[in-house]
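Here the structure comes first, spelled out in structure tokens, and everything after it is commentary.
Numbering of ligands and ligand atoms starts at 1, following listing order.
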Amino acid sequence: MSGPNYGPLLHNNSRLSLMNMNSGKYPVTGAGLGLRRDFINEVVEQPPEQVDFWEVAPENWIGMGGKYGRMFRQMTEKHDFVCHGLSLSIGSPDPLDEDFLKRLKLFLKEHNIRCYTEHLSYCSDGGHLYDLMPIPFTEEAVRYVADRIRRVQEILEQRIAMENVSYYAAPGQEMEEIDFFNAVIEEADCDLHLDVNNIYVNSINHGYDPHEFLNRMPGERIVYCHVAGHYVEAEDLRVDTHGADVIDPVWQLLEAAYEKFGIFPTLLERDFNIPPMNELLTEVDTIAQLQRKWEEKAHVSSATA
Ligand SMILES: [Fe+2]
């Protein structure tokens, strides 16, 4: 299978480092921001220099013509892009939408998109469900989902990455979430799209230690990471809304990930209550600051080793 040039390098067990980040190990580098129609006008005119890469949901842009289509083209011609899908529905009992995958393949090529990632969940079951549903944490589901991921990689002729999702119920659970997640990634032989906010939200809602969960992830497979804010419904219930500022424990989890796995590209997700661009950019700046901080620490420790 042909794939992007970063793919095969992800499977050695060497510790990741910023040097790797700059040497083609990752599809993009630095700090990124989700591109929204709400502000595409503004960033086409004046692209913020601290945004190293942009992310879009392909479903929102495939086939887009007119003014927005032209602005999107201008952006993809000048900047690095990744795609984070919404509708693949990898855990669904429904057949894979291969027509969509063929359109997606053309779209990724046409806009030189650096990678495609999806949620390890599903959003359809004989019709559209209005949220991302958890896949039962069972051995049978591991095999089912891994087969489907391999089929997607075959059709797209490239590796894809699956994201650890937030979930609010675990029907038919036979294994721990982390064991399920790792088994799928291993059996599908796909990459990992880390979301530190999702780990944090799940750790509150399901009562586990987010750092232990992170430590057990296969860091050598990470292609990039999401950081986001969430909504506090109650002390023991957080909702993954992407509609608020990132909170300190989530920044700390990101730092722990940089410390353990090295620096990887990281993107701010903000889908609701979108503040003015200069406020969004302060959080993108925080990502870059943390990357510099852990880059320097890695240099110091390798110089003194
Ligand atoms: Fe995410």
* Asked: Is the distance between the Fe ion (ligand 1) and the nearest N/O/S atom of Glu163 smaller than 2.8 Å?
  ->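 Yes, within the cut-off.
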
* His226 near the Fe ion (ligand 1): N/O/S under 2.8 Å -> yes

* side chain to side chain donor-acceptor pair (under 3.5 Å) between Glu259 and Trp294: does it pass, once the steps are laid out? -> CA-CA 7 Å; Glu259 182 176 15; Trp294 287 97; over 6 Å; no

* To do: Please test Glu55 against Tyr224 for side chain to side chain donor-acceptor pair (under 3.5 Å), starting from the C-alpha separation and ending with a verdict.
  => CA-CA 11 Å; Glu55 179 195 84; Tyr224 78 100; 2.6 Å; yes

* Asked: Between Arg221 (side chain) and Glu186 (backbone), is there a donor-acceptor pair under 3.5 Å?
  -> no

* **Atom nearest to the Fe ion (ligand 1) - Glu269, N, O or S atoms considered** =>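 The closest N, O or S atom of Glu269 to the Fe ion (ligand 1) is OE1.
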
* For the Fe ion (ligand 1), the closest N/O/S atom belonging to Asp195 -> OD2

* Flag this pair as yes if the NZ/CZ of Arg37 is under 6.0 angstrom from the six-membered ring centre of Tyr68 and inside a 45 degree cone about the axis; otherwise no. =>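 The answer is yes; both the distance and angle limits are met.
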
